[in-house]
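By convention in this document, chain letters (A, B, ...) are assigned in the order of the sequence lines, proteins followed by strands, and residues within each chain are numbered from 1.
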2 protein chains.
Amino acid sequence: MATKTAAARRAKARQEFNSYFADCPSRKLLDRISDKWVALILSSLGEADGPMRFSQLHRHIAGVSQKMLTQTLRNLEGDGLVTRTVTPTVPVTVHYALTPLGESLLEVIKPLKAWADTHIEQIEAARAAS
Amino acid sequence: MATKTAAARRAKARQEFNSYFADCPSRKLLDRISDKWVALILSSLGEADGPMRFSQLHRHIAGVSQKMLTQTLRNLEGDGLVTRTVTPTVPVTVHYALTPLGESLLEVIKPLKAWADTHIEQIEAARAAS
DNA sequence: GGTGCCTACTTACCAACAGTGACTAATGCC
DNA sequence: GGCATTAGTCACTGTTGGTAAGTAGGCACC
């Protein structure tokens, strides 16, 4: 009861902001895109000129756990960014490929990777200087 | 000693991949860029046509905790993407502004936001269909 | 003919990270 | 004098991601 003024106002403001936030789906999508592994997976799928198998992705990305790879791929599949096709061969084979939507996202992620490649030196210089 | 074959091979492979990973700084930078709040902070600073105060950013971004805002801003400052200027006024005032490097990153993040805005409907349709 | 392996996962557990709310400094306003 | 402000920090808590082991089911090898 002591701090009814500022704290209450701040809490109310946060509530309003949060509902505004929930109404803004592009923010949620941005969150999804900036998921740790999404960019790597899409890039891997884009570099290959065809569908990739689960184990190929796992080897190529090199830091991802099976759990997160599965999880992220399922998310991407649910969002319609990749397709998942199971072939019931001797050991089961699963292929992942980009959908056109996924390819369009890749086109906008590529510049980001390019930026990272070209500006990494400046960043490291800044880190060293700080 | 029982499982020396496949498990050992896999472990060794992972080791090699991890060291390769550590040698690839653009991946680390990509991780940094795809940090949950980095895109939001840079966008906010870019939308305003001048430096922003800590509380302005906090209000504008609307889901970020003070802790994460501070932490992310310190990271960005260390990477040379934003500047932090403290003015010792009555209640201390801190302004954050984009550096040229930060602005160049913003230029490549903007298309990402634009993509999110234009394709959100397709994503939501895919999510509903799955 | 039984042991063990392959793929593509799933699950249990654990550590690290992100969020929450309270607390701080110095000072101006009522 | 007490409360509010700004820009944080701190301790606690919950969620998230990593690790490693287990699972299915057929085949190859000894």
For B/Thr85, side-chain hydrogen bond (donor to acceptor under 3.5 Å, both in side chains) partners two or more places apart:
none

Calculate the interatomic distance between A/Arg59 atom CZ and C/dC6 atom P; express it in whole Å.
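After rounding, the reported distance stands at 11 Å.
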
For a quick test of reading the model: is some side-chain N or O of A/Trp37 closer than 4.0 Å to OP1 or OP2 of D/dT16?
no

Taking the side chain as C-beta and beyond, is there a heavy-atom pair between B/Leu57 and B/Leu45 under 4.5 Å?
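When only atoms from C-beta onward are counted, B/Leu45 and B/Leu57 do touch, with a gap below 4.5 Å.
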
Filtered N/O pairs between nucleotides 28-30 of chain D and protein, under 3.5 Å:
none

Just to confirm, is there a sub-4.0 Å distance from OP1 or OP2 of D/dG8 to any side-chain nitrogen or oxygen of B/Thr70?
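Answer is no, no contact under 4.0 Å.
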
Using atom NZ of A/Lys36 as one end and atom P of D/dT16 as the other, report the distance to the nearest whole Å.
15 Å

Mapping B/Arg53 and B/Lys67 onto DNA chain D by nearest heavy atom, which one lands closer to the 5' end?
B/Arg53

Of all residues at least two apart in sequence or in a different chain, which pass the side-chain hydrogen bond (donor to acceptor under 3.5 Å, both in side chains) check with A/Lys110?
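Once residues adjacent in sequence are excluded, the partners of A/Lys110 under the side-chain hydrogen bond (donor to acceptor under 3.5 Å, both in side chains) criterion are A/Glu107.
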
Whole angstroms only, please: what is the CG-C1' distance between B/Leu73 and D/dT9?
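Roughly 15 Å, once rounded to whole Å.
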
N or O in side chain of B/Arg74 less than 4.0 angstrom from D/dG8 OP1/OP2:
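Checking B/Arg74 against D/dG8: at least one side-chain N or O falls below 4.0 Å of OP1 or OP2.
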
Would a 4.5 Å heavy-atom cut-off, applied to side chains only, mark A/Val86 and A/Val92 as touching?
yes

What residues, two or more places apart in sequence or in another chain, satisfy salt bridge (charged side-chain N to carboxylate O under 4.0 Å, His left out) together with A/Arg74?
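Residues passing salt bridge (charged side-chain N to carboxylate O under 4.0 Å, His left out) with A/Arg74: none at all.
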
Please tell me which of the listed nucleotides, D/dA21, D/dT6, D/dT9, lies nearest to the side chain of B/Ser55?
D/dT6

CE of B/Met68 versus C1' of C/dA18: gap in Å, rounded?
6 Å

Look up atom CG in B/Leu112 and atom OG in B/Ser43, then write down how far apart they are to the nearest 0.5 Å.
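Reported value, rounded in 0.5 Å steps: 9.0 Å.
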
Taking C-beta and beyond as the side chain, do A/Phe54 and A/Leu69 meet within less than 4.5 Å on heavy atoms?
yes

Side chain proximity check, B/Arg53 to B/His58, heavy atoms < 4.5 angstrom
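With C-beta onward as the side chain, the pair stays apart.
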
Does D/dG17 have OP1 or OP2 under 4.0 Å away from a side-chain N or O of A/Gln71?
yes

Kindly state which residues belonging to residues 44-51 of chain B come within less than 4.0 angstrom of DNA chain C, counting heavy atoms of the residue only, listed by number.
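When residues 44-51 of chain B is checked for heavy atoms under 4.0 Å from DNA chain C, there are no hits whatsoever.
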
Sort out for me which residue in B/Leu40, B/Val82, B/Asp35 forms a side chain to side chain contact (heavy atoms under 4.5 Å, CB included) with B/Thr72.
B/Asp35

Just how far, in rounded Å, is P of D/dG17 from CG of B/Asp35?
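Interatomic distance, CG of B/Asp35 to P of D/dG17: 12 Å.
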
Between C/dC6 atom P and A/Gln56 atom CD, what is the distance in whole Å?
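One finds 17 Å between P of C/dC6 and CD of A/Gln56, rounded.
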
So, A/Lys113 and A/Glu47, do they make that salt bridge, N to O below 4.0 Å?
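Counted as a salt bridge, because a side-chain N and a carboxylate O are separated by less than 4.0 Å.
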
Heavy-atom side-chain contact between B/Met68 and B/Gln71 under 4.5 Å
yes

Looking for any heavy atom pair under 4.0 Å, which part of the strands does B/Ser65 touch: base, sugar-phosphate only, or nothing?
base

Between D/dT6 and B/Tyr96, is there an OP1 or OP2 to side-chain N/O distance shorter than 4.0 Å?
no

Protein-nucleic acid N or O pairs under 3.5 Å, nucleotides 25-30 of chain C:
none

In whole Å, I'd like the distance from the NE2 atom of A/His95 to the P atom of C/dT7.
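Atom NE2 in A/His95 sits about 13 Å away from atom P in C/dT7.
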
Value in whole Å for how far the C1' atom of C/dC17 lies from CG of B/Asp31:
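About 14 Å, once rounded to whole Å.
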
Side chain proximity check, A/Leu101 to A/Asp79, heavy atoms < 4.5 angstrom
no

